[in-house]
There are 2 protein chains.
Amino acid sequence: MNLRELSAHLGLSQTTVSRALNGYGDVAPATRRKVVEAAERVGYRPNSGARRLATGRSQALGIAFPVDRNLLLDPHFIEFIAGVAAHAGEQGYDLTVSPTTGTEGEVYRRFARMRTADAVILSGPVLEDPRIALLRGLQLPFVVHGRTQTPLPYAFVDIDNHGAFRQACQLLLDLGHRRIGLINGDESQTFARDRRAGWSSALMAAGLVAATDGLARAGAMTEENGYRFARDLLETSPRPTGLICSSVLLAFGAYRAVRDLGLAVGRDVSVIGHDDELPFLRPHTLDPPLTVTRSPIRKAGERVADFAIRLATGTPIDRLAEIKPVDLVYRGSTAAPEVR
Amino acid sequence: MNLRELSAHLGLSQTTVSRALNGYGDVAPATRRKVVEAAERVGYRPNSGARRLATGRSQALGIAFPVDRNLLLDPHFIEFIAGVAAHAGEQGYDLTVSPTTGTEGEVYRRFARMRTADAVILSGPVLEDPRIALLRGLQLPFVVHGRTQTPLPYAFVDIDNHGAFRQACQLLLDLGHRRIGLINGDESQTFARDRRAGWSSALMAAGLVAATDGLARAGAMTEENGYRFARDLLETSPRPTGLICSSVLLAFGAYRAVRDLGLAVGRDVSVIGHDDELPFLRPHTLDPPLTVTRSPIRKAGERVADFAIRLATGTPIDRLAEIKPVDLVYRGSTAAPEVR
DNA sequence: CTGAAAGCGCTTACAG
DNA sequence: CTGAAAGCGCTTACAG
C-alpha cells in the first residue's frame with residue numbers, strides 16, 4: 001500500500017494524507033485522526049527511497065565500521081553501538097553501518113554523496129584526527145564520541161577521563177600507596193591520553209614526580225595485555241602496590257598476573273579498573289570485587305545518537321558538547337598497602 | 001554532482017551514462033571508458049534514494065539489533081556482524097541495523113514495507129522460530145545464521161555443532177575420561193541444543209547412558225556463568241574429570257573455578273572450549289592453553305552476507321544452505337585423567 | 001550503440 | 001483546511 005492508494009481509499013489527496021501523517025499543522029483534527037487510523041490499520045509505511053529523494057534526508061545515522069583494524073572491534077564498541085541504535089530507533093532513525101578497511105574517508109564520502117546518512121558518528125578519536133577536517137569539508141554533520149586536540153569546533157560526547165583517573169589514583173594515594181602503575185588503552189587515542197594525564201597529575205600533586213617513570217603500559221585492552229602489562233609492572237622493583245586499569249578486561253588480566261606471582265589482589269596489590277558496564281563482564285563478580293571508575297558506554301551511545309539527530313535537524317554545534325562525570329565505586333580490590 | 005550534470009558535462013544522455021556506469025552491455029567500449037573515468041574523477045555517486053525508488057532495491061542488508069535482551073548483545077554477535085559488514089561492503093551493499101526491543105516482527109515489517117533492505121539476516125534462531133514464517137509471509141528474502149526445526153525451507157549458514165561436540169567428547173573419552181560435564185549456552189537456541197546432542201551422543205555411544213544425568217549446565221555465555229557452572233559441576237561427586245564449554249568465555253570462568261577449588265586444569269580437570277575466534281580472547285593465551293573446537297564466527301558472517309546478496313539477486317533458496325565442519329585443536333588443557 | 005521520455009512514491013510550495 | 005502539480009535523481013522499456 002502506497003500513498004496514492006491510501007489517499008484514494010480515504011477519498012483525500014496525497015497532499016493532505018502526507019501532511020496528516022507527518023504532523024503538519026494545517027490539517028483538520030478529524031481528518032488527521034481518520035488518516036492516522038487508516039494508515040495504522042493497513043500498515044502503511046512510506047517508501048524510504050521516495051522520501052529520501054523528496055526530502056534529501058535519509059532518516060538514518062551513519063557509522064564507519066572498521067572491519068580489519070581490531071582497534072574498535074572490541075566489546076566496548078558494540079555496547080556503544082547498542083546505545084546508538086537504541087536511541088536512534090526510538091526516534092525513528094535507522095543506523096547504517098558502513099564497513100571500512102583502512103581509511104574511513106571513503107565511507108564518509110559515500111555517506112555524503114549518496115545522502116545515505118543525515119549525520120555520522122565518529123568513534124575512537126585520536127589526538128590529531130584528520131577525520132574532523134574531512135567531515136567538515138564534506139558538510140556532513142557529525143558527532144564525535146570522545147574528543148581530539150583539533151581546534152575546529154565539533155559536537156561531541158565524552159566522559160571525564162582525566163578526572164576519573166586522577167580520582168582513582170588519589171584514592172590509592174589516600175590509602176597510603178606510593179607506587180601506582182597504570183595499565184592503559186592505546187595511547188594514540190585521546191581517551192587513553194586523558195587517563196594517563198589524570199593518573200600522573202594526581203601523582204605530581206602528591207609530590208611524587210618521579211613516580212610515573214616506567215610505571216605505565218599501554219596497548220589494546222585485552223585480557224592478554226592486562227596480564228602481560230601487570231606482570232611486567234609487578235616484576236619491577238620496588239614492586240608497585242597499586243594498579244589502575246583502563247578496562248575491566250585489562251583488570252581481569254591483571255588479577256591473573258597477581259595470582260600467578262603468588263600475590264593476592266586487595267592484600268598485596270590494590271587494583272582499580274574502568275568499568276564501561278559491559279553486560280558480560282561484571283566487575284563485582286571478580287574475586288575480590290573490583291573497585292572501578294564507572295561510566296556506561298551504552299549511555300554514551302544514546303547521547304551521541306541524540307546529538308546526531310539534533311544536529312541533523314538544525315541544532316547548532318556549540319550546544320552539543322557534553323562531558324559526563326564518572327563514578328568511583330569502592331570495592332574489595334583496594335585497601336591500604338601492607339607495611340613492609 | 002548528479003547524473004544530469006555528469007551527462008551534460010560529457011555531452012551524453014543520462015540513459016547512456018547510467019548504462020555505462022551500471023555495466024550494461026549495450027554501450028560502446030570507448031564511451032564506457034570515458035564515462036567511468038569521468039565519474040571517477042568528479043567523484044560521482046548515485047543518490048541512493050533515487051536509485052532505490054527507481055529500482056525498488058536498496059542495496060542494503062538488514063539486521064535486527066536487539067537492544068534490550070542481552071541474548072545477542074555479546075561479543076560473538078559483533079564479530080559476526082563484522083563479517084557480514086565486511087562482505088557486504090565488498091559487494092557495495094550497506095548494512096542497516098534496526099534496533100529492536102522485544103519482538104523483531106515490527107522491524108521486519110518495516111524493512112519489508114519501507115523497502116529498506118533487500119534481504120535480512122536472522123540471528124540466534126531458536127528451535128521453533130516464529131520469525132521464519134513471518135519473514136516468508138512478508139516475502140522478504142532472509143538468511144538464517146544457524147538452523148531451526150521449522151519445516152519451512154529457508155537459506156542458512158551453520159556449523160556442525162553436533163559433530164564438533166561429539167568429537168570433543170569423544171576425545172575426552174579416548175583419553176580415558178568417564179565423567180564429562182557440559183557447560184552450554186542458552187538451550188532455547190538451536191546451536192546449544194545441537195551441542196548438547198553431540199555431547200550426549202558420544203557418551204551414549206560409549207555405553208555411558210547415565211553419564212549425562214546432572215552433568216550439564218546452560219545459560220548465557222559469560223565468564224561469570226562459566227565460573228558458576230563449573231564450580232557447581234566440580235562439587236558433584238564423583239567429580240567430573242572433563243568439562244566441555246560452549247565458548248572461550250565460559251572456559252575462562254571454568255579455569256577460575258578449577259583454580260579456586262585448588263585443582264589444576266589439564267592435570268585434575270581437562271577442559272575443552274568452543275572457539276569462535278574472538279580477537280580479544282584467545283584460547284592459546286590461557287594457562288594451560290585451551291583445547292578447542294574452532295570455527296571463526298566472522299567467516300560465518302561473511303558467508304551469510306554472501307548468501308543474502310545472492311538471495312536478493314535471484315539465487316534460489318535451496319542452493320543456499322551450508323554446514324561448515326569444525327576443527328578440533330588439541331592443546332595443554334586436555335590430558336588423560338589421573339588414576340585414582 | 002544512443003537518446004527522449006515515462007515512472008518509481010514521496011514532499012511541498014502554491015493556489016484556492 | 002484541502003488539492004493539483006512539480007520535482008527530487010535515478011532506471012529502463014522503447015524507438016531509432
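Chain letters run A, B, ... following the sequence lines, proteins first, then strands; residues in each count from 1. Since this is a predicted model, take the numbers as computed values, not measurements. Computation of the quantities below employed the complete heavy-atom set of this structure, encompassing side-chain atoms and omitting hydrogens, waters and symmetry-equivalent molecules.
Remark: A:Thr15 engages A:Ser13, A:Arg19 in a side-chain contact (heavy atoms from CB on, under 4.5 Å) (not counting sequence neighbours). Legend: residues meeting salt bridge (charged side-chain N to carboxylate O under 4.0 Å, His left out) with A:Glu37, ordered by chain and number and at least two apart, are A:Arg41. Applying the salt bridge (charged side-chain N to carboxylate O under 4.0 Å, His left out) criterion to A:Arg310, with sequence neighbours excluded, gives A:Asp306. Residues satisfying the salt bridge (charged side-chain N to carboxylate O under 4.0 Å, His left out) criterion with A:Glu5, sequence neighbours excluded, are absent altogether. Residues satisfying the salt bridge (charged side-chain N to carboxylate O under 4.0 Å, His left out) criterion with B:Arg110, sequence neighbours excluded, are A:Asp94. Qualifying ring-ring contact (aromatic ring centres under 6.0 Å, His included) partners for A:Phe156, counting only residues two or more places apart in sequence or in other chains: A:Tyr154. Checked against ring-ring contact (aromatic ring centres under 6.0 Å, His included), B:Phe191 has no partners two or more places apart in sequence or in another chain.
Counting only heavy atoms from C-beta outward, the side chains of B:Leu311 and B:Val143 approach each other to under 4.5 Å. Within the 4.5 Å cutoff, the side chain of A:Phe142 has heavy atoms near those of the A:Val144 side chain.
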Dot-bracket for DNA chain C, 5' to 3', Watson-Crick and G-U pairs with both distances under 3.5 Å, [ ] for crossing pairs, | for partner on another strand, reads |||.||||||||.|||
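The side chain of B:Tyr24 sits closest to D:dT12 out of D:dT12, C:dC1, C:dG3. Here D:dT11 is the nucleotide among C:dT11, D:dT11, C:dG9 with the atom lying nearest to any side-chain atom of B:Gln14.
A side-chain donor-acceptor contact under 3.5 Å links A:Arg51 and A:Asn22.
Among residue pairs with one or both ends in residues 142-152 of chain A, those qualifying as side chain to side chain donor-acceptor pair (under 3.5 Å) are A:Arg147-A:Asp158, A:Thr148-A:Thr150; sequence neighbours excluded.
With rounding to whole Å, B:Leu12 atom CG is found 11 Å from C:dA4 atom P. Between the P atom of D:dA5 and the CZ atom of A:Arg4 lies a distance of 15 Å, rounded to the nearest Å. For the pair A:Arg115 CZ and D:dC8 P, the interatomic distance rounds to 13 Å; values are reported in whole Å. Spacing between atom CG of B:Leu21 and atom P of D:dC10 amounts to 10 Å, rounded to whole angstrom units. Here the C1' atom of nucleotide D:dG9 and the CE atom of A:Met114 are 12 Å apart, to the nearest Å. B:His9 places its NE2 atom 19 Å from the C1' atom of D:dG9, with the value rounded to the nearest Å. Nucleotide D:dT11 holds its C1' atom 15 Å from the CG atom of B:Asp26, rounded to whole Å.
The phosphate of D:dT11 (OP1 or OP2) has a side-chain N or O of B:Ser18 nearer than 4.0 angstrom. At D:dT11, one or more side-chain N or O atoms of B:Asn22 fall inside 4.0 Å of OP1 or OP2 (strictly under the cut-off). Residue B:Thr16 places no side-chain N or O under 4.0 Å from the OP1 or OP2 atom of C:dT2.
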For nucleotides 14-16 of chain C, give me every protein contact, N/O to N/O, under 3.5 Å, one pair per line with atom names.
none

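The existence of a salt bridge linking A:Arg303 and A:Glu322 is confirmed by a sub-4.0 Å separation between a basic side-chain nitrogen and an acidic carboxylate oxygen.
Classification of the B:Phe77-B:Phe80 ring pair by plane angle, with boundaries at 30° and 60°, yields parallel.
Not a single donor-acceptor pair under 3.5 Å links the side chain of A:Ser18 to the backbone N or O of A:Gln14.
Scanning residues 42-59 of chain B for heavy-atom distances under 4.0 Å to DNA chain C yields B:Leu53, B:Ala54. Contact check of residues 29-39 of chain B against DNA chain C (heavy atom, cut-off under 4.0 Å) returns B:Pro29, B:Thr31.
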